[in-house]
Number of protein chains: 2
Amino acid sequence: MSLAQIRYFVAVAEERNVGRAARRLHVAQPPISRQIRSLEEELGSPLFRRTPRGMDLLPAGEVFLEHARGILVAVEVATDATRRAGS
Amino acid sequence: MSLAQIRYFVAVAEERNVGRAARRLHVAQPPISRQIRSLEEELGSPLFRRTPRGMDLLPAGEVFLEHARGILVAVEVATDATRRAGS
DNA sequence: TGAGGTTACGCCTATCGTAATAATG
DNA sequence: CATTATTACGATAGGCGTAACCTCA
């Protein structure tokens, strides 16, 4: 698992659409699609249901989403606190 | 910043020695040394003081260490909770 | 049949390991 | 001068983007 995968996941979960997530993150769709699949494989279960209109969060995805947001915030907090401590 | 960098950092901080951290993580010393330096550059300040006997945590390093442990735990918790939810 | 997700494929960057080098008490 | 960290360097793997393809209401 990587922080990029977590960021991609959160964007897709919030946009419910890979293409919009890609534009928001300034990357192409395929990297997002691949990283989401890789994350699902690592976690052992699908996080989204694919529909012709986009991506619907499954229950496992909802669980991961809450934790994922916390991880990204924790990284920011760690960065800021360390930068402050180093000045 | 990557989760690998955070794991490398925690190992070095706990072992106070790059070589021991490397053995513990089953990688060679140079990757650890490089990733620590890269992390320090990203955070804008050194995290360790280099001595001929190893690595001493600086104040900024102590700050980062506490946050870093929390991030790694959060990743584990997120993984376990999601695996459970998907079963 | 159109909107959106996925696969194929080639490139390119990042990371690794081995070996050589530096630094310091 | 021994111990430890770092730099050099070549090899490999992982990630990205473009283009082609699939899927389903």
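What you see is a predicted model; the values in this text were computed from it and never measured. Residue numbering restarts at 1 for every chain, and letters A, B, ... go by the order of the sequence lines.
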- When the distance from CG of B/D56 to P of C/dG25 is rounded to whole Å, what number comes out? 12 Å
- Do B/L58 and B/I6 belong together in a cluster built from hydrophobic side chains that touch within less than 4.5 Å? no
- Item | Identified side-chain hydrogen bond (donor to acceptor under 3.5 Å, both in side chains) counterpart of B/Q35 within the set B/E40, B/R7, B/Q5 | B/Q5
- Message: Using a strict threshold of under 4.0 Å (side-chain N to carboxylate O), is an ion pair present between A/R24 and A/E14?
- Response: yes
- Message: Please check this pair: side chain of B/R83 against backbone of A/E42, looking for a donor-acceptor N/O pair closer than 3.5 Å.
- Response: yes
- Rounded distance in Å - CD (A/E41) to C1' (C/dT6): 13 Å
- Quickly work out the A/F48 CZ to C/dG4 C1' distance and round it to whole Å. 14 Å
- Item | Main-chain N/O of B/A78 paired with B/T82 side-chain donor or acceptor, under 3.5 Å | yes
- Task: Provide, to the nearest angstrom, the distance between the CZ atom belonging to B/R7 and the P atom belonging to C/dT15.
- Result: 14 Å
- Message: Applying a strict under-4.5 Å side-chain criterion to I, L, V, M, F, W and Y, I'd like to know whether A/L72 and A/V63 cluster together.
- Response: no
- Message: Would the distance check show the side chain of B/E15 and the main-chain N or O of B/A21 forming a donor-acceptor pair, the cut-off being under 3.5 Å?
- Response: no
- Go through DNA chain D in 5' to 3' direction and return only the first and the last nucleotide with some atom under 4.0 Å of chain A's heavy atoms. D/dG15 to D/dC24
- Message: Please determine whether a side-chain nitrogen or oxygen atom of A/S33 lies at a distance below 4.0 Å from atom OP1 or OP2 of C/dT6.
- Response: yes
- Quick one: is C/dT24 close enough that its OP1 or OP2 comes under 4.0 Å of any side-chain N or O from B/R53? no
- Task: Would you please indicate yes or no on a ring centroid separation below 6.0 angstrom for B/F48 and B/F64?
- Result: no
- From CZ of A/R16 across to P of C/dA3 the rounded distance in Å is 22 Å
Identify all pairs in which a protein N or O lies below 3.5 Å from an N or O of nucleotides 16-23 of chain C, and state each distance.
| residue | atom | partner | partner atom | Å |
| --- | --- | --- | --- | --- |
| C/dC16 | OP1 | B/Y8 | OH | 2.4 |
| C/dG17 | OP2 | B/A28 | N | 3.0 |
| C/dG17 | N7 | B/R34 | NH2 | 3.4 |
| C/dG17 | O6 | B/R34 | NH1 | 2.8 |
| C/dG17 | O6 | B/R34 | NH2 | 3.4 |

